[in-house]
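Everything quoted here is computed from the prediction, not taken from an experiment.
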Amino acid sequence: MRFLETNGWMHFSLVFFDALKKLPLLFCLCGTLLMVFPQDSNVETRINELKLKLAAAHEKSDQLVLLDSLAKLVRDQAGYPYDSLARRVIALAFELDSEKIGTEQTSNLIAYLNSTAQRAWEGMAVFQRFQERDIVLDDPLLAAQLYANGADSHYFSGELAAAIPIYAAAEAFALKGQDSMLYALIRTYKAAAYSDIGKFAEASQALSESARFFKRARDTTSLLRARNSLSILYSQNGFFEEAKKERDEIMAVVRARQDNNALIPLLYNAARDFDKMDKQAERIAALGEAYAYALGPEYDQPLRPVLAYGLLKAHVQNDSVVQAERMYQKIRTDFAQGTPVPYEWLYHEALANYHLAKGNYTKALGNAKWVLEYGTRSGEFELVYDANKLLAELYEALGNTALSYTHYRAYMRHKDSIGSVQKIKALSYYQTLYETEKQDFKIKAQHTEIALLDTQNKLKTQWILFGGLGLLASFTIVILLYAQRFNRKKRKLQTQFAQHLIKNREDQYTHVSRELHDSVGQKLMLLTRKMRGNGNSDTTSLAESALEELRTISRGLYPADLESLGATKAIAAMINEVDAHTDILFTHELDDIDRVLDKESALHLYRIVQEVLNNLVKHSGAKAASVRIAHRGNTVEMVISDNGKGFDFEEKIKQSTSLGMRTLLERAKIIRSRFHVESVLSKGTTITLTIAVQK
């Protein structure tokens with residue numbers, strides 16, 4: 001999560017970027033008057049002056065200016081109801097068509113709700129209401145801040161996927177406003193969202209670009225922030241040594257600055273890595289050091305509950321009963337009464353572990369289920385991973401073997417996904433590809449950054465202004481063309497890789513199938529005949545059974561019927577076999593396509609039919625299904641329909657586990673065909689494949 005990356009590297013908003021403020025006490029706004037508590041005398045004097053002017057103001061436009069000034073003045077002052085006042089200003093501003101004031105106060109309010117009030121879900125609602133107004137923003141930098149804060153509200157509410165396009169819009173506004181630092185910061189925040197939903201390659205690419213901007217600007221603090229995010233990314237991919245190297249260099253700088261607030265999140269992230277590497281002593285030591293700093297008088301971040309939850313979980317998992325009980329009571333006293341409880345997902349996870357260790361399985365189960373539901377809803381794959389592992393242990397302790405096994409399988413599936421070779425290769429691939437592209441366009445990129453993003457050196461004369469605008473237009477086109485070309489190249493390489501993988505797999509299947517048939521199969525056949533001659537019925541039966549199983553495996557690896565019977569009869573035989581072994585009523589109508597399709601197209605068509613039928617039998621819940629293959633002019637059309645429960649095709653494609661559906665799409669691309677799925681929930685599914693052929 002990105003809240004462990006900043007200020008020290010805790011970022012909740014752009015407006016409150018440098019430090020988080022303590023939670024204010026909120027009081028009711030009655031008319032235009034505020035209940036005032038003792039404050040700095042100058043601030044209080046100014047507030048009283050504004051109150052008097054408000055009381056005398058009769059025109060709404062005058063009231064708006066005064067309310068706007070008052071809201072900005074009390075935003076950082078404890079004891080004033082900034083929330084209510086800001087909402088009053090926003091409503092009045094849009095009533096009077098003062099869009100600039102309304103937009104600025106909306107951005108400030110969202111930032112306040114995200115950070116100071118820690119009610120990001122309310123910030124998300126404020127941002128959504130602003131979007132419904134459909135306002136065209138003239139100030140691109142104000143728009144960039146507004147959208148960045150709006151994206152933050154989604155991010156900290158657990159709506160990670162929804163936050164990403166909002167961050168992208170904020171980036172576009174920052175580019176339009178020619179602010180390179182703002183652009184780089186927003187890319188850093190978007191990288192955190194990518195990372196948290198498992199899109200490591202995209203996160204790595206965004207962070208690398210941000211670090212380049214920060215280095216160019218000699219912004220050490222932001223550069224360290226980006227490198228810390230990169231260390232978290234390395235950790236999520238299992239590159240613990242690389243993560244430690246990045247983090248140790250950052251910590252050396254932070255310790256030299258004696259900035260304990262910046263050190264706290266770094267120690268927390270180090271503890272998480274120690275846990276993954278099963279270095280429990282180092283894990284507890286890092287958490288303990290961070291917690292000690294959080295108790296200090298200079299502490300200015302609301303991370304104390306996170307550290308307390310982490311220590312409770314660590315003590316429980318390492319049988320430190322006394323320390324765990326002490327931390328549990330501390331959490332109940334300091335944080336459990338909050339509405340909501342701060343960092344609720346970590347709270348429930350810690351309590352689930354605590355109650356499991358104490359043998360309170362019912363309480364542990366409730367907390368673990370909450371964590372799984374939250375992790376699934378928010379896309380936090382590590383939460384889902386941990387929750388499934390915990391639930392597997394809980395159900396095993398309760399004697400429910402079936403549910404324990406279900407969650408254990410889900411845990412292992414996530415574990416394989418997190419550490420999969422494909423994701424690690426993807427990270428390395430995109431890093432390498434990015435560096436290559438960066439070298440190819442090094443000169444263009446340098447000039448483009450100057451033209452698009454450097455706001456520090458303002459143009460002095462009209463001639464330079466027009467010249468700069470010309471360069472800006474030219475290099476904008478270069479950037480767009482570069483991005484378009486890069487995306488095309490990336491998609492092409494991904495498609496080529498997938499198709500190459502499928503082809504290699506088919507070649508391997510064919511090779512293994514023939515080896516089984518020609519070598520092992522022949523020997524088993526001779527053994528069977530010899531057993532028959534010896535009159536040993538039991539051994540003969542066993543040998544025949546083994547031979548039949550081997551033939552079944554061989555046919556699964558490569559459909560020999562395609563060569564011996566042709567594609568039409570081979571597909572018909574497959575349909576009849578599925579029909580004979582399921583309760584689904586199959587009908588089929590197949591044109592003769594043996595002389596229409598080449599060998600490769602016939603094989604992929606056979607495999608597509610095979611995969612669709614397998615999915616239909618496993619998942620559709622259908623009572624009847626039909627398969628039709630028709631040859632019409634220049635096309636061969638396959639249509640498979642069922643009356644089952646249907647599914648959401650777009651959602652299925654997005655799921656990382658839907659490899660079968662992705663393979664179908666790649667096979668369709670290989671034979672240059674059109675693949676279409678039409679599915680309606682509770683009404684069934686129709687899958688159509690159209691292959692272009694020569695007459």
Side-chain angles (χ1 to χ4, degrees), residues 1-23 76 111 114-116 118 148 152 155-156 181-182 184-189 191-192 195-196 203 207 210-211 213-215 217-236 240 242-275 282-311 342-343 346:
M1 289 291 291
R2 201 179 77 234
F3 67 85
L4 296 177
E5 296 176 19
T6 63
N7 193 35
W9 303 306
M10 173 188 280
H11 167 77
F12 280 103
S13 67
L14 293 173
V15 175
F16 291 90
F17 178 73
D18 289 324
L20 294 172
K21 308 299 187 289
K22 295 182 179 179
L23 290 174
D76 299 340
N114 291 345
S115 57
T116 306
Q118 294 189 52
D152 279 351
Y155 179 92
F156 292 111
M181 293 304 296
L182 184 57
L185 285 170
I186 295 168
R187 284 193 70 76
T188 303
Y189 307 147
S195 178
D196 286 342
L207 286 172
S210 293
F213 282 123
F214 295 140
K215 187 174 182 179
R218 297 181 180 178
D219 184 341
T220 304
T221 299
S222 297
L223 178 60
L224 291 178
R225 182 183 299 111
R227 289 188 62 185
N228 182 55
S229 298
L230 195 57
S231 75
I232 295 172
L233 181 64
Y234 285 143
S235 172
Q236 289 175 322
F240 297 120
E242 290 82 353
K244 186 176 184 301
K245 180 180 177 183
E246 290 284 341
R247 192 181 296 114
D248 285 350
E249 292 180 10
I250 300 167
M251 290 174 73
V253 175
V254 171
R255 288 186 187 277
R257 292 179 173 180
Q258 297 183 334
D259 187 352
N260 293 339
N261 283 301
L263 194 56
I264 288 172
L266 293 167
L267 288 167
Y268 181 89
N269 291 333
R272 286 173 60 89
D273 281 6
F274 284 136
D275 184 26
E282 291 90 338
R283 171 194 182 190
I284 293 174
L287 284 171
E289 184 183 358
Y291 189 67
Y293 290 138
L295 296 176
E298 74 283 0
Y299 175 70
D300 67 355
Q301 301 176 39
L303 270 181
R304 193 176 295 135
V306 175
L307 300 168
Y309 305 151
L311 275 169
Y343 307 108
L346 297 176

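In this structure, Y343 and Y309 approach most closely via the heavy-atom pair O-CE1, 3.6 Å. Nearest approach of S210 to R187, heavy atoms of both residues: OG-CB, 3.2 Å. The nearest pair of heavy atoms linking A191 to A203 is O-CB, 3.4 Å.
In this structure, N269 contributes its side chain and P265 its backbone to a donor-acceptor pair below 3.5 Å. Under the 3.5 Å distance criterion, the side-chain polar atoms of R304 are matched with a main-chain donor or acceptor of A294.
Rounding to the nearest 0.5 Å places CD of E282 at 12.0 Å from CG of L287. Going from atom CD1 of I284 over to atom OH of Y291 covers 15.0 Å, rounded to the nearest 0.5 Å. Once rounded to the nearest 0.5 Å, the distance linking CG of D152 with CD1 of I186 reads 9.5 Å. Here the CG atom belonging to L266 is positioned 7.5 Å from the OG atom belonging to S231, to the nearest 0.5 angstrom.
The side chain to side chain contact (heavy atoms under 4.5 Å, CB included) test with Y293 singles out one residue from L267, D259, L303, and that residue is L267. A salt bridge (Lys or Arg N to Asp or Glu O under 4.0 Å) with D273 is found for exactly one of K244, R247, K245, namely R247.
We find that R255 and E289 are joined by a salt bridge, their nearest charged nitrogen and carboxylate oxygen being less than 4.0 Å apart.
Residues Y189 and Y155 fail the side-chain proximity criterion, which asks for heavy atoms closer than 4.5 Å.
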